[in-house]
Amino acid sequence: MSTATPVVRARWCDIGRVADLVAEALSPTALAAWLVPDGQRRTAVLAAVARIWTEHAMLFGDAFLLRDGTAATVWFHRYRPIPAPNRYADRLAAAAGPDEERFLRLDQALAGQRPAEAHNHLALLAAPGPAGARRAAAALVGSQRWMDTLNLPTYAEAFSETDRDLFRRHGYADREAIAGPGDTTTHPMWRLSPFWADRSGGNGRWPVRRITSRTRNGRATGWALR
């Protein structure tokens, strides 16, 4: 990969930084307010949950940081089924506390619409701060270059019109919106690899994975922003 690439692969020691960026970027949004109604707890809870998924991406995907550490992306390689994080039910309960069920509800809403076709999944894009739009674009473009070398389509969920516009500008096509919990709306987006066009028939409708809720010790498993 060219040294001109604006992102670097995150390492295990960067997980805390990535999680903090995700929490800072997500905290002001309507989705975050629904997930964690208590504003005093919100950022800490979001960071703790984001850490679980960033760690998991180190095993089943990739995470990237802008070279200056001001924006991050978290990806999962979904060319085969991915298990839940180790001890996920217990870890989510400890991270989210009384808001655990809200994270699980969001997970079910998103996972039921995720493509069954092999793809790379942009689970988290975080670029907080006044220059967030520019940094988000740089982080997306840089990490997308890495993903394109794997010769798979990419999938993302946009939670705002700003994110939708960003993804559209970089080759993503809109799919049917998902009515989420708490009056939230999620917009799935799909992008073909530059090397994929002859194999996938364009940005057509993908097969959808229908899931059933799994339980362990009486608690459902699986969350997203993933």
Side-chain angles (χ1 to χ4, degrees), residues 1 3 5-29 31-32 35-36 40-97 99-100 102-104 106-107 110-111 114 119-129 131-132 135-147 149-150 154-159 163 221-226:
M1 189 60 61
T3 57
T5 302
V7 300
V8 293
R9 256 196 178 117
R11 299 173 295 171
W12 199 261
C13 62
D14 297 317
I15 289 173
R17 176 59 180 163
V18 173
D20 287 344
L21 287 168
V22 171
E24 185 180 350
L26 188 59
S27 286
T29 68
L31 177 62
L35 284 169
V36 188
Q40 293 186 334
R41 298 176 55 252
R42 186 173 301 144
T43 300
V45 170
L46 294 172
V49 177
R51 184 181 184 95
I52 296 171
W53 288 106
T54 304
E55 287 181 6
H56 203 47
M58 296 294 192
L59 302 175
F60 294 96
D62 278 296
F64 299 92
L65 283 162
L66 282 187
R67 290 183 178 275
D68 64 1
T70 59
T73 58
V74 176
W75 297 79
F76 286 95
H77 303 315
R78 295 190 180 278
Y79 50 82
R80 61 183 179 183
I82 294 176
N86 186 44
R87 296 177 46 249
Y88 177 66
D90 294 336
R91 293 183 68 190
L92 181 63
D99 302 310
E100 174 192 9
R102 292 174 180 261
F103 285 92
L104 293 173
L106 178 63
D107 182 48
L110 298 183
R114 189 170 298 131
H119 63 281
N120 292 307
H121 179 191
L122 176 56
L124 298 164
L125 170 59
R135 292 169 179 160
L140 176 62
V141 169
S143 59
Q144 191 74 70
R145 291 177 190 170
W146 288 83
M147 293 299 105
T149 66
L150 301 177
T154 50
Y155 172 72
E157 292 124 351
F159 297 96
D163 287 345
T221 62
W223 178 66
L225 291 171
R226 60 183 176 115

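Annotation: side chain of Leu21 is in contact with side chain of Leu65 (closest heavy-atom distance under 4.5 Å). Arg42 places none of its side-chain heavy atoms less than 4.5 Å from the side chain of Pro28. At least one side-chain heavy atom of Val18 sits less than 4.5 Å from a side-chain heavy atom of Val74. Between Tyr155 and Arg114 the shortest side-chain heavy-atom distance falls below 4.5 Å. Taking 4.5 Å as the limit, some side-chain heavy atom of Val49 sits within range of a side-chain heavy atom of Leu92. Taking 4.5 Å as the limit, every side-chain heavy atom of Gln144 sits out of range of all side-chain heavy atoms of Val141. Inter-residue side-chain proximity for Phe64 and Val8 is flagged as unmet; no heavy-atom pair is nearer than 4.5 Å. With a 4.5 Å cut-off on side-chain heavy atoms, Leu35 and Leu106 count as touching.
The aromatic rings of Phe76 and Trp53 stand perpendicular to each other, their planes meeting at an angle above 60°, with 30° marking the opposite boundary.
Closest heavy-atom contact between Ala136 and Ala127: N-CB, 3.5 Å. Nearest heavy atoms, Ala139 versus Leu66: N-CD2, 3.7 Å. Pairing each heavy atom of Leu125 with each of Leu122, the nearest pair is CB-CD2, 4.5 Å. Taking both residues in full, the closest heavy atoms of Arg145 and Pro6 are given as NH1-CD, 3.7 Å, listed atom of the first, atom of the second, then distance. Considering every non-hydrogen atom in both Ala23 and Ala47, the closest pair reads CB-N, 3.5 Å.
Partners of Glu24 by side chain to side chain donor-acceptor pair (under 3.5 Å), not counting sequence neighbours: none found. In this view, Thr54 satisfies the side chain to side chain donor-acceptor pair (under 3.5 Å) rule with no residue, not counting sequence neighbours. Partners of Arg91 by side chain to side chain donor-acceptor pair (under 3.5 Å), not counting sequence neighbours, listed by chain and number: Glu55. For Tyr79, the ring-ring contact (aromatic ring centres under 6.0 Å, His included) criterion is met by no residue, not counting sequence neighbours. The salt bridge (Lys or Arg N to Asp or Glu O under 4.0 Å) search around Asp99 returns Arg41, not counting sequence neighbours. Taking the side chain to side chain donor-acceptor pair (under 3.5 Å) definition, one finds that His77 meets it with Asp62, Asn120, sequence neighbours left out.
The structure places CZ of Arg135 at 4.0 Å from OG1 of Thr70, a figure rounded to the nearest 0.5 Å. How far CD of Glu100 is from CG of Asp90: 9.0 Å, rounded to the nearest 0.5 Å. Between the CE atom of Met147 and the CG atom of Leu140 there is a distance of 11.0 Å, given to the nearest 0.5 Å. Separation of atoms CD1 (Ile15) and CD1 (Ile52) is listed at 11.5 Å; rounding is to 0.5 Å. Here the CZ atom belonging to Arg51 is positioned 15.0 Å from the CG atom belonging to Leu46, to the nearest 0.5 angstrom. Atom-to-atom distance recorded for Phe60:CZ and Ile82:CD1 is 7.0 Å, nearest 0.5 angstrom.
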Test side chain to side chain contact (heavy atoms under 4.5 Å, CB included) on Arg67 and Val7; report intermediate values, then the result. CA-CA 5 Å; Arg67 290 183 178 275; Val7 300; over 6 Å; no

Using the rule given for side chain to side chain contact (heavy atoms under 4.5 Å, CB included), can you reason through Trp75 versus Leu150, listing the C-alpha separation, both sets of side-chain angles and the distance that settles it, and then say yes or no? CA-CA 12 Å; Trp75 297 79; Leu150 301 177; over 6 Å; no

Check the pair Phe159 / Leu26 against side chain to side chain contact (heavy atoms under 4.5 Å, CB included), numbers first and verdict last. CA-CA 10 Å; Phe159 297 96; Leu26 188 59; 5.9 Å; no

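At least one donor-acceptor pair closer than 3.5 Å links the side chain of His56 to the backbone N or O of Pro83.
Side chain to side chain, Arg78 and His119 fail the donor-acceptor criterion of an N or O pair below 3.5 Å.
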